[in-house]
Participant: 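What follows is a single structure, and I will ask about it in a moment.
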Amino acid sequence: MEYCYRNPLYHWCHLELKRFFDIDDILNEKNTLVIWEKVNILLKKEEYSTRNLIKKMKIKALCTTDDPIDTLEYHKILSCDKEFKIKVLPTFRPDKAFTMEKNDYIEWIEKLLIKKLILLKN
């Protein structure tokens, strides 16, 4: 991390350590494991659950990165959860459409076509 000084990554990491975990230490090679352990102890507590960290940051909407063939089942579950007031919205990320050289490309195209057929029937 000390090599990232003046890089936004350096500042973002320290800002997140402070905001989320109240750690003011400057992250470096000597204290990395201590900070790692301290953060992991905190993450086991309920107040540091993903939902509670999102609430703490007063996030109103969260957009996920979704493949066109994703089911979005968790979006549906979250939309019905009255306790979780934050909107969780899918985004369209068709990265696999640009990976024709990969072995699973044809399988992905087939799934995409099947999903389209299902949507057309509904």
Side-chain angles (χ1 to χ4, degrees):
M1 188 54 66
E2 54 262 32
Y3 298 114
C4 291
Y5 188 71
R6 294 188 186 186
N7 182 306
L9 180 63
Y10 178 88
H11 302 287
W12 291 330
C13 286
H14 288 92
L15 184 64
E16 288 184 3
L17 284 171
K18 175 63 180 164
R19 278 187 181 166
F20 289 106
F21 307 104
D22 202 29
I23 296 174
D24 287 312
D25 302 339
I26 301 297
L27 190 57
N28 60 48
E29 190 175 350
K30 293 177 187 168
N31 67 7
T32 301
L33 288 177
V34 172
I35 291 174
W36 175 268
E37 288 172 9
K38 191 184 282 188
V39 167
N40 278 291
I41 288 168
L42 291 172
L43 287 172
K44 291 177 183 171
K45 297 180 178 183
E46 180 62 29
E47 65 197 88
Y48 289 91
S49 70
T50 304
R51 285 183 178 215
N52 286 330
L53 288 173
I54 289 170
K55 288 177 188 176
K56 181 180 178 180
M57 294 307 295
K58 300 178 182 157
I59 292 172
K60 297 194 187 314
L62 191 146
C63 297
T64 60
T65 304
D66 302 285
D67 187 281
I69 65 170
D70 287 346
T71 63
L72 304 180
E73 64 188 285
Y74 297 107
H75 288 82
K76 292 173 189 165
I77 292 168
L78 281 172
S79 70
C80 295
D81 186 342
K82 303 299 179 204
E83 298 292 314
F84 195 67
K85 306 281 186 215
I86 294 136
K87 289 182 183 180
V88 180
L89 307 168
T91 64
F92 188 70
R93 182 83 188 256
D95 292 7
K96 290 184 181 178
F98 302 102
T99 60
M100 291 167 256
E101 72 284 354
K102 297 213 174 170
N103 291 337
D104 63 347
Y105 180 75
I106 298 296
E107 182 182 338
W108 181 81
I109 291 291
E110 288 170 349
K111 288 178 183 176
L112 185 62
L113 291 172
I114 290 168
K115 184 166 185 172
K116 182 175 180 173
L117 288 171
I118 290 169
L119 289 172
L120 288 173
K121 284 182 181 179
N122 295 331

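No hydrogens, no waters, no symmetry mates; every other heavy atom, side chains included, goes into these values.
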Participant: Please tell me if the side chains of Thr32 and Leu27 come closer than 4.5 Å, counting only heavy atoms from C-beta onward.
Facilitator: yes

Participant: Any chance OH of Tyr74 has more than 12 other-residue heavy atoms, nucleotides or ligands included, within less than 6.0 Å?
Facilitator: no

Participant: Quick check against the 3.5 Å criterion: does Asn31 have a side-chain atom that pairs as donor or acceptor with the backbone of Asn28?
Facilitator: yes

Participant: I need the Trp12 CH2 to Arg19 CZ distance, nearest 0.5 Å.
Facilitator: 12.5 Å

Participant: List the atom of His75, the atom of Val88, and the distance in Å for their closest heavy-atom pair.
Facilitator: CD2-O, 3.5 Å

Participant: Out of curiosity, Glu2 CD to Lys30 NZ, how far, rounded to the nearest 0.5 Å?
Facilitator: 9.0 Å

Participant: Return yes if some donor-acceptor pair links the side-chain N/O of Asp70 with the main-chain N/O of Leu72 below 3.5 Å, else return no.
Facilitator: no

Participant: Counting only heavy atoms from other residues, nucleotides and ligands, does the tally under 6.0 Å from NZ of Lys18 exceed 12?
Facilitator: yes

Participant: Do the side chains of Leu112 and Ile106 join up, straight or via other hydrophobic residues, at under 4.5 Å, putting them in one cluster?
Facilitator: yes

Participant: Look at the side chain of Asp66 and the backbone N and O of Thr91, then say whether any donor-acceptor pair between them is shorter than 3.5 Å.
Facilitator: yes

Participant: Determine the minimum heavy-atom distance between Pro68 and Phe92, stating which atoms define it.
Facilitator: CG-CE1, 3.3 Å

Participant: Side-chain contact, heavy-atom cut-off 4.5 Å: Tyr10 with Ile26?
Facilitator: yes

Participant: Please determine whether the number of non-hydrogen atoms from other residues, nucleotides or ligands lying under 6.0 Å from atom CD of Glu101 exceeds 12.
Facilitator: yes

Participant: Rounded to the nearest 0.5 Å, how far apart are NZ of Lys96 and CD1 of Ile69?
Facilitator: 5.5 Å

Participant: Let me see the working for Lys102 and Asp104 under salt bridge (Lys or Arg N to Asp or Glu O under 4.0 Å), right down to the final yes or no.
Facilitator: CA-CA 6 Å; Lys102 297 213 174 170; Asp104 63 347; over 6 Å; no

Participant: So, Lys58 side chain and Lys55 main chain: donor-acceptor pair closer than 3.5 Å or not?
Facilitator: no

Participant: Donor-acceptor check, side chain of Asn40 to backbone of Trp36, threshold 3.5 angstrom: yes or no?
Facilitator: yes

Participant: Closest heavy-atom contact between Met1 and Leu9?
Facilitator: SD-O, 4.4 Å

Participant: Side chains of Leu17 and Val39: does their closest heavy-atom pair fall under 4.5 Å?
Facilitator: yes

Participant: Just how far is it from atom CZ of Arg93 to atom CG of Asp67, taken to the nearest 0.5 Å?
Facilitator: 10.0 Å

Participant: Check the orientation of Phe21 and Tyr48. Use parallel for under 30°, tilted for 30 to 60°, and perpendicular for over 60°.
Facilitator: parallel

Participant: Applying a strict under-4.5 Å side-chain criterion to I, L, V, M, F, W and Y, I'd like to know whether Leu42 and Leu15 cluster together.
Facilitator: no

Participant: Looking only at heavy atoms, which two atoms of Leu78 and Arg51 are closest? And how far apart?
Facilitator: CD2-NH2, 3.3 Å

